[in-house]
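Notes follow the structure.
Every value quoted in this text rests on a predicted model; they were computed, and no experiment measured them. Counting from 1, the numbers follow the sequence of the chain as shown. One-based numbering, in listed order, for ligands and for the atoms of each.
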Amino acid sequence: MKIRDILNRGKPSVSFEVFPPKADAPFGPVRDAVTQLAAMKPTFISVTYGASGNAQANTAEIASFVQACGTPALAHLTCLTSSRDRIAEEVSTLKANGIENILCLRGDYPRQTAGAVPADATPNDFAHAVDLVRALRPSDFCLGGACYPECHPECGHIQDDIAHLKEKVDAGLDFLTTQMFFDNNVYFHYLARLRTAGITVPVLAGIMPVVNGKQIDRICRLSGTVLPPRFRAIVDRFGDDPASMLDAGVAYATEQIIDLFANGVDAVHIYTMNKPEVAGRIMVNLRGILS
Ligand code: FAD
């Protein structure tokens, strides 16, 4: 099923993100997580696309497993280090697996030290995600893209970032999903700016339940996400105590989601980090709202 049709129903939507196993890692734990997540009846489950060649094949396999669990899948696809032929191969694999939804991404530049550029990479084929959207749009896939309420870290000014985003949407995107944010006002202000800029597609709010206080500073540094003082206090107080951090992280994410729904947002995407127990606790808290 196409995500644009799901979003058009106008009902509150909660979807999940999972990541596939890394190259040579077993599929079992990820399949178990997907099985449990699918049982919570999200509107769809997205599957990230890894940086290294071997792991990339796992995206299609896990996306296919998501659909076997009866849940529509959204396969992420990055283009920066891929040739046109490589992208064509990936897309035909997705099609063969019955995947109807693709999140069109540029990806990050491989770290020099990692030596991660595949031998067949011709990075000039796709400089930005918009180039991937243009390559895929003639098809009937439902296409999504990423957006950044606190500005993409490489872009000097949010105005320029939104102008680039408009170009990407106009190339044929059906919806957007935001980078995580911890202050809903950031999302509301950003959405207003997108609408003013003429971007009218649904903008799924990306919510990251933080249950590991130790990782959050690194994640925020890399993504350019600001940790508001109220959440900073939670991490400072409970970050070293996993049980308390789990309670606090679930409560904070739940509160964010309820506030978003209360203020007219229709679709929330939860970065589950393959942790069904965390997503499950949030879904229990939302039982009445989603029923
Ligand atoms: P783009 O839309 O190309 O934007 C990247 C930068 O280029 C921005 O600064 C933008 O302003 C600028 N830009 C865009 N167009 C132009 C132009 N025409 N001229 C000049 N500048 C321009 N990474 C993964 O590796 N795998 C994943 O599965 C994955 N999933 C993600 C899911 C979501 C919801 C999000 C928010 C991010 C995800 N990422 C993933 C990370 C993403 O790949 C990085 O954030 C990457 O740096 C940018 O990707 P993009 O598709 O937003 O790029």
Side-chain angles (χ1 to χ4, degrees), residues 3 15-22 44-53 55-60 62-63 73-82 87 90 94 99 101-111 114 116-118 121 123-136 143-181 186-187 190 193-194 197 199 201-208 219-225 267-274:
I3 289 168
S15 50
F16 296 153
E17 178 184 286
V18 299
F19 51 83
K22 293 204 165 68
F44 68 89
I45 296 179
S46 79
V47 186
T48 64
Y49 193 75
S52 85
Q56 291 174 345
N58 297 347
T59 298
I62 293 297
L74 167 65
H76 296 205
L77 181 61
T78 68
C79 60
L80 185 65
T81 58
S82 286
I87 290 293
E90 293 280 2
L94 293 175
I99 311 297
N101 308 290
I102 299 178
L103 193 71
C104 300
L105 297 152
R106 186 198 70 179
D108 285 314
Y109 290 98
R111 267 170 279 166
V117 184
N124 288 336
D125 279 359
F126 301 95
H128 298 289
V130 65
D131 303 318
L132 180 60
V133 181
R134 288 189 181 123
L136 301 190
L143 302 179
C147 65
Y148 303 83
E150 292 171 271
C151 196
H152 185 263
E154 286 166 33
C155 197
H157 199 284
I158 186 91
Q159 208 76 342
D160 297 333
D161 205 29
I162 291 175
H164 297 145
L165 184 65
K166 170 92 166 77
E167 200 187 343
K168 186 161 75 171
V169 173
D170 288 349
L173 290 184
D174 295 296
F175 68 94
L176 294 165
T177 304
T178 73
Q179 179 61 279
M180 63 181 159
F181 57 88
V186 167
Y187 173 89
Y190 181 65
R193 293 180 88 149
L194 297 193
I199 297 172
V201 293
V203 182
L204 280 64
I207 297 296
M208 167 83 87
I219 293 173
C220 285
R221 202 172 50 249
L222 290 177
S223 64
T225 306
V268 167
H269 192 59
I270 301 180
Y271 298 113
T272 72
M273 306 300 286
N274 293 16

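- Note that atom 4 (O) of ligand 1 has no protein non-hydrogen atoms nearby, at separations under 4.0 angstrom.
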Sequence neighbours excluded and cut-off under 3.5 Å, please list the side-chain donor-acceptor pairs for residues 127-134, or say none.
{"from": "D131", "atom 1": "OD2", "to": "A127", "atom 2": "N", "distance (Å)": "3.0"}
{"from": "D131", "atom 1": "OD2", "to": "H128", "atom 2": "N", "distance (Å)": "2.9"}
{"from": "R134", "atom 1": "NH2", "to": "E167", "atom 2": "OE2", "distance (Å)": "3.3"}

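- Here the heavy atom of the protein found nearest to atom 23 (N) of ligand 1 is T78 CG2, 4.3 Å.
- Heavy-atom proximity to T48, at under 4.0 Å, picks out these atoms of ligand 1: 28 (O).
- Using 4.0 Å as the threshold, G107 has a heavy atom nearer than that to some atom of ligand 1.
- Of all protein heavy atoms, the one lying nearest to atom 26 (N) of ligand 1 is Y49 O, 2.8 Å.
- Put simply, the side chain of T178 never gets that close to the backbone of A205: no donor and acceptor are under 3.5 Å apart.
- Between the side chain of N101 and the main chain of A73, a donor-acceptor pair closer than 3.5 Å is present.
- Of all protein heavy atoms, the one closest to atom 12 (C) of ligand 1 is H164 ND1, 3.7 Å.
- Comparing D131, L132, D108 by heavy-atom distance to atom 41 (C) of ligand 1, the nearest is D108.
- Scanning the protein heavy atoms around atom 45 (O) of ligand 1, the nearest turns out to be Y148 OH, 2.7 Å.
- With sequence neighbours left out, H269 forms a side-chain hydrogen bond (donor to acceptor under 3.5 Å, both in side chains) with S15, S46.
- Closest to atom 51 (O) of ligand 1 among all protein heavy atoms lies R106 N, 2.8 Å.
- Contact analysis leaves V130 out of contact with ligand 1, as no non-hydrogen atom separation drops below 4.0 angstrom.
- Note: T59 OG1 to L77 CG = 8.5 Å, rounded to the nearest 0.5 Å.
- Taken to the nearest 0.5 Å, the CD1 atom of I162 stands 5.5 Å off from the OH atom of Y190.
- Close approach of ligand 1 to L103 is summarised as follows: ligand atoms under 4.0 Å from at least one heavy atom of the residue are 32 (C).
- Look at Y271 and you'll find a heavy atom under 4.0 Å from some atom of ligand 1.
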Yes or no on side chain to side chain contact (heavy atoms under 4.5 Å, CB included) for I219 and Y271, after CA distance, side-chain angles and deciding distance? CA-CA 13 Å; I219 293 173; Y271 298 113; over 6 Å; no

Evaluate side chain to side chain contact (heavy atoms under 4.5 Å, CB included) for Y49 paired with L103, printing each intermediate quantity in order. CA-CA 10 Å; Y49 193 75; L103 193 71; over 6 Å; no

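- Taking 4.0 Å as the cut-off, F19 does not count as a neighbour of ligand 1 on heavy-atom distance.
- Between A127 and ligand 1, no N or O atom pair is found at a separation short of 3.5 Å.
- For atom 36 (C) of ligand 1, the closest heavy atom belonging to the protein is A146 CB, 3.5 Å.
- Expressed to the nearest 0.5 Å, how far CZ of R106 lies from NE2 of H152 amounts to 5.0 Å.
- Among H128, K168, H157, the residue whose heavy atom sits closest to atom 2 (O) of ligand 1 is K168.
- At distances below 3.5 Å, at least one donor-acceptor pair connects side-chain atoms of Q56 with backbone N or O atoms of G50.
- Looking at ligand 1, you'll find an N or O of H76 within less than 3.5 Å of one of its N or O atoms.
- The shortest N/O to N/O separation between T177 and ligand 1 does not fall below 3.5 Å.
- Closest protein heavy atom to atom 8 (C) of ligand 1: H152 ND1, 3.3 Å.
- For ligand 1, the atoms sitting less than 4.0 Å from at least one non-hydrogen atom of E167 are 18 (N), numbered in the order shown with element in parentheses.
- With values rounded to the nearest 0.5 angstrom, I158 atom CD1 is found 11.5 Å from Y148 atom OH.
- Interface of Q179 with ligand 1, defined as ligand atoms under 4.0 Å from a residue heavy atom, comprises 36 (C).
- At a heavy-atom cutoff of 4.0 Å, ligand 1 is contacted by both the backbone and the side chain of L105.
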Go through it in stages, so that I can follow the logic: the residues are V169 and L194, the test is side chain to side chain contact (heavy atoms under 4.5 Å, CB included), and I'd like the CA-CA distance, side-chain angles, deciding distance and then a yes or no. CA-CA 11 Å; V169 173; L194 297 193; over 6 Å; no

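- Judged by distance alone, the side chain of D174 and the main-chain N or O of G144 form no donor-acceptor pair under 3.5 Å.
- You'll find the side chain of T225 stays beyond 4.5 Å of the side chain of V186, heavy atoms only.
- Using a 4.0 Å cut-off to heavy atoms of D161, the atoms of ligand 1 that qualify are 8 (C), 9 (O), 10 (C), 11 (O).
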